[in-house]
Number of protein chains: 2
Amino acid sequence: MLSQAEENYLKAILKLSQKNGKSVSTNAIADELYTKASSVSDMMKKLSEKSLIHYVKYQGVYLTEKGKGLAVHIVRKHRLWEVFLVNHLNFKWDEVHDIAEQLEHIKSLELVNKLDAFLNFPSFDPHGDPIPNEAGEFPKTSAIPFSELPVKSRGKVVAVVMDEPSFLKYLDKLNISIGAQVEVIEVNEFDDSFDVKINDIQSHISLDVAKNILISLL
Amino acid sequence: MLSQAEENYLKAILKLSQKNGKSVSTNAIADELYTKASSVSDMMKKLSEKSLIHYVKYQGVYLTEKGKGLAVHIVRKHRLWEVFLVNHLNFKWDEVHDIAEQLEHIKSLELVNKLDAFLNFPSFDPHGDPIPNEAGEFPKTSAIPFSELPVKSRGKVVAVVMDEPSFLKYLDKLNISIGAQVEVIEVNEFDDSFDVKINDIQSHISLDVAKNILISLL
DNA sequence: AATAATTTTTAGTCACGTCTAAATTTATAT
DNA sequence: ATATAAATTTAGACGTGACTAAAAATTATT
């Protein structure tokens, strides 16, 4: 049985290896978990002994099949709980992360699957992140960052990359939510910002924001 | 912020002080938590320093107002989650204890209150145990043990005292559930057992079982 | 290729929550 | 009231997961 700390490490490694390439560095994990590289080294030994990661000293780590399966399962739990919190308990999408961070460690396969059924087997969480099914498979999407939407094309917001509350609140202010229709009117080269339309209303967003919004073409 | 271990100790002290008198002994706590008396002593010092219990060496402990408030809140969370698990996720009443034992440690006042509202502010959990409200007040009941129901009187099952799965499964077998109508036909003095009617069907239960079923008179 | 800078690991320490074994206090019995 | 039994606490240890400081390995620079 894994401790919460171990689970958090697995999740961090999964997240980092999805974002970047294969092998994840000790420092990257330390940054992700707000801990120190030395603590990470210690934990890497333990996870390696449990065959959850491949670990070669000084060479970074990556998940084994077993480790990846467990990490994906934790992500599944996290996202299912977020759906529950937003759809049934009326939390806002920027309020659920910390609570789901706790709920994801509850141990009961039956609970997860019954929750999944209760929620009607959702494919995406309130932030648009894909929810793996019981077999650990992610639903596939063909989303691109808003920042890469060609001028004059229209798209629909399907997900956000960051889930920091401050970012989500800012999106609320901009009236950007999952499902919103968006269009690029013009790219402002000098500051890399975008003149856009959100649900047909003119607006303006920075490159940083645009990169963190995923859309599908319409 | 309390650790899970600290919360479990508070809960154990509350449970024991409700059952027996005021002051709770070190050994009783150790038994309740399947730990050792020495571990309990250590923890009593810590809880005492945090003003959650009154602790005099060798004299047992009892909860302070502050400690009692926290303990009651944990019980509230435990029982609300049990309602959720049984009423919405289709768990059986004998399956929810261990999961609720984990869920009760999730920290978010807002979550508890939103869950409470979602469940329609239930007063009793699936085992008939009273659920304290946000202010920490328990609903009052005038339940008596089945074992004290006078012969020929009829009653309605409102709660069970134990929530061990094996006991609950046995009650299922006897067709005894919350709300069942019961009547004592005869007391068998030689083995302290009871001839009873459960929903008008004749049955037979032992004193041990009868003591653990709470009923209200009809 | 040698040195400097960075990254990573090791060594030693600490708080938490547990344990066993020994000491101490309280309760019981003669 | 004194000896014995039972309950409780203390002392010392351990595993977990964190930290700091120092050492070692890797990567970057000239």
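Letters go in sequence order (proteins before strands), and every chain restarts at 1.
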>> Once you apply a heavy-atom cut-off of 4.0 Å, does S41(B) come out as touching a base, just sugar-phosphate, or nothing?
In response: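 Base contact.
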In whole angstrom, give the distance that lies between atom [atom1] of [X] and atom [atom2] of [N].
| X | N | atom1 | atom2 | value |
| --- | --- | --- | --- | --- |
| M1(A) | dG15(D) | CE | P | 20 Å |
| Q59(B) | dA6(D) | CD | C1' | 15 Å |
| L2(A) | dT16(D) | CG | P | 13 Å |
| E49(B) | dA15(C) | CD | C1' | 13 Å |
| K45(A) | dA18(D) | NZ | C1' | 14 Å |
| I29(A) | dA18(D) | CD1 | P | 12 Å |
| Q4(B) | dT18(C) | CD | P | 11 Å |
| D42(A) | dT16(D) | CG | P | 12 Å |

>> Quick test of your reading of the model: are K77(B) and E82(B) salt-bridged, counting only N-O distances below 4.0 Å?
In response: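 Salt bridge flag = no for E82(B) with K77(B).
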> Would E95(A) and K169(A) pass as an ion pair if we require N to O under 4.0 Å?
Replying inline: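 No, E95(A) and K169(A) are not salt-bridged.
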[N] phosphate, OP1 or OP2, under 4.0 Å from [X] side-chain N/O:
| X | N | value |
| --- | --- | --- |
| Y9(A) | dA18(D) | yes |
| N27(B) | dA6(D) | no |
| S39(B) | dC19(C) | yes |
| S25(A) | dT7(C) | no |
| K36(A) | dT9(C) | no |
| Y58(A) | dA23(D) | no |
| K57(B) | dT10(D) | yes |

>> Quick check: any donor-acceptor pair below 3.5 Å linking the side-chain of S38(A) to the base of dT20(D)?
In response: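 Side chain to base: pair found, below 3.5 Å.
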>> Between F84(A) and F84(B), is the ring centroid distance below 6.0 Å?
In response: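 Between F84(B) and F84(A), which both carry aromatic rings, the centre distance is below 6.0 Å.
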>> To check you understand the geometry: which heavy-atom pair defines the closest contact between S193(A) and D191(A), and what is its length?
In response: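 Smallest heavy-atom distance, with atoms named: OG-OD1, 2.8 Å.
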>> Taking atom NZ as the centre, does K92(B) end up with more than 12 heavy-atom neighbours from other residues, nucleotides or ligands that are less than 6.0 angstrom away?
In response: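 Not more than 12 within 6.0 Å, no.
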